**Student:** 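Structure below; questions to follow.
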Amino acid sequence: GEDVEQSLFLSVREGDSSVINCTYTDSSSTYLYWYKQEPGAGLQLLTYIFSNMDMKQDQRLTVLLNKKDKHLSLRIADTQTGDSAIYFCAERNYGGATNKLIFGTGTLLAVQP
Amino acid sequence: GAGVSQSPSNKVTEKGKDVELRCDPISGHTALYWYRQSLGQGLEFLIYFQGNSAPDKSGLPSDRFSAERTGGSVSTLTIQRTQQEDSAVYLCASSSLRQGLNEKLFFGSGTQLSVL
């Protein structure tokens, strides 16, 4: 089945690290994604990881993938108030007639100054 | 255009009325998606277009929902006889799909639908 789960809310202080977690169910997923949604806006792709990788680093962002446990995390170093947003993880469901991203419920990150 | 454009940005309607939501994808993008975002529900997949055809419409919640795409470009999502539970933000996304490879979805800002 297709199910992606995230915790709903995370609050951190400015300058601290944030870790947002995600679990997924489709072991055949080839790519896993993190999208960011700022208030009143659509989603923007932050980063992605290929399923044969364990880790990907991109500036302040670190993505960790534990394929055995189907667990994905996004770490934001030195979190800033501008990082306050909803973060969605997503897995790609591709095969047969379909090609779509399955999104999680989203985690609201609140950064306290 | 430069990005995915959706209209209207806000729509308030009365229960039982029909509504049409429009999406203009990025020029040249062959794949187009509709998602629905409700409080606490995340993003719910509705339908996927490749060109003008919809190989996956498995997410449409009922037969009151339909969508079409013409000229491989603009798409319209129609909700007939709206109900209060249809209230949500409807998001459209497009991509230049490359079969079997990674693809990046570009999202519009969405249409906030409120059914009174």
Side-chain angles (χ1 to χ4, degrees), chain A residues 1-9 20-26 28-53 56 58 63 65 85-108, chain B residues 1-7 9-10 21 23-26 29-51 53-60 88-112:
Chain A
E2 307 160 348
D3 198 12
V4 181
E5 294 189 354
Q6 301 177 236
S7 53
L8 291 181
F9 183 72
I20 302 171
N21 294 301
C22 170
T23 57
Y24 62 97
T25 56
D26 188 352
S28 65
S29 294
T30 52
Y31 289 95
L32 296 136
Y33 304 83
W34 285 102
Y35 277 78
K36 176 183 180 182
Q37 185 182 35
E38 295 182 348
L43 278 70
Q44 287 184 298
L45 178 65
L46 267 183
T47 186
Y48 65 91
I49 189 167
F50 189 49
S51 59
N52 69 353
M53 298 169 65
K56 180 179 180 182
D58 184 1
V63 179
L65 175 60
I86 301 175
Y87 290 81
F88 292 90
C89 65
E91 60 176 348
R92 187 176 181 207
N93 179 235
Y94 173 75
T98 197
N99 175 55
K100 63 192 178 194
L101 292 191
I102 307 297
F103 286 87
T105 50
T107 299
L108 174 61
Chain B
V4 178
S5 177
Q6 292 187 246
S7 61
S9 54
N10 280 283
L21 312 180
C23 173
D24 278 280
I26 292 173
H29 278 190
T30 56
L32 186 147
Y33 306 80
W34 283 98
Y35 284 87
R36 179 168 72 173
Q37 184 177 18
S38 308
L39 274 176
Q41 297 296 317
L43 262 71
E44 178 187 3
F45 168 78
L46 297 178
I47 188 169
Y48 152 62
F49 285 93
Q50 178 58 31
S53 63
D56 187 352
K57 52 179 81 171
S58 62
L60 295 177
V89 176
Y90 289 82
L91 291 166
C92 175
S94 70
S95 76
S96 56
L97 177 63
R98 297 291 182 264
Q99 294 282 348
L101 298 179
N102 188 18
E103 64 169 316
K104 177 178 176 180
L105 265 61
F106 293 82
F107 280 83
S109 299
T111 295
Q112 171 75 63

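Small disclaimer: the values here were computed from a predicted structure and weren't measured. In the text below, chain A, chain B and the rest are named by the order of the sequence lines, each starting its count at 1. Quick note: numbers below take in every heavy atom, side chains included, and nothing from hydrogens, waters or symmetry partners.
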**Student:** Once you round to the nearest 0.5 Å, how far does OG1 of Thr105(A) lie from CD of Glu44(B)?
**Tutor:** 13.0 Å
**Student:** What part of Phe106(B) gets closer than 4.5 Å to chain A, counting heavy atoms only: side chain, backbone, both or neither?
**Tutor:** neither
**Student:** Give the C-alpha distance, both sets of side-chain angles, the deciding distance and a yes or no for side-chain contact (heavy atoms from CB on, under 4.5 Å) between Ile102(A) and Leu43(B).
**Tutor:** CA-CA 8 Å; Ile102(A) 307 297; Leu43(B) 262 71; over 6 Å; no
**Student:** Which region of Ser58(B), side chain (C-beta onward) or backbone (N, CA, C, O), has a non-hydrogen atom less than 4.5 Å from a non-hydrogen atom of chain A, or is it both or neither?
**Tutor:** side chain
**Student:** Which pair of heavy atoms, one from Phe88(A) and one from Gln37(B), lies closest together, and at what distance?
**Tutor:** CZ-NE2, 3.4 Å
**Student:** How long is the straight-line distance from NZ of Lys104(B) back to OH of Tyr33(A), given to the nearest 0.5 Å?
**Tutor:** 11.5 Å
**Student:** Leu91(B) versus chain A, heavy atoms under 4.5 Å apart: side chain, backbone, both or neither?
**Tutor:** side chain
**Student:** Side chain, backbone, both or neither: which part of Gln6(B) has a non-hydrogen atom closer than 4.5 Å to chain A?
**Tutor:** neither
**Student:** Using the benzene-type ring in the case of Trp, are the ring centres of Tyr35(A) and Phe107(B) under 6.0 Å apart?
**Tutor:** yes
**Student:** With a 4.5 angstrom heavy-atom cut-off, which part of Leu108(A) approaches chain B: side chain, backbone, both or neither?
**Tutor:** neither
**Student:** Write down the atom of Gly40(A), the atom of Ser109(B), and the distance for their closest heavy-atom approach.
**Tutor:** O-CB, 4.1 Å
**Student:** Can you tell me how far CG of Leu101(A) sits from OH of Tyr33(B), rounded to the nearest 0.5 angstrom?
**Tutor:** 6.5 Å
**Student:** Checking Lys57(B) now: which residues fulfil salt bridge (charged side-chain N to carboxylate O under 4.0 Å, His left out) with it, not counting sequence neighbours?
**Tutor:** none
**Student:** For Gln6(A), is it the side chain, the backbone, both or neither that has a heavy atom under 4.5 Å from a heavy atom of chain B?
**Tutor:** neither
**Student:** Please report the interatomic distance NZ(Lys100(A)) to OH(Tyr48(B)), rounded to the nearest 0.5 Å.
**Tutor:** 11.0 Å
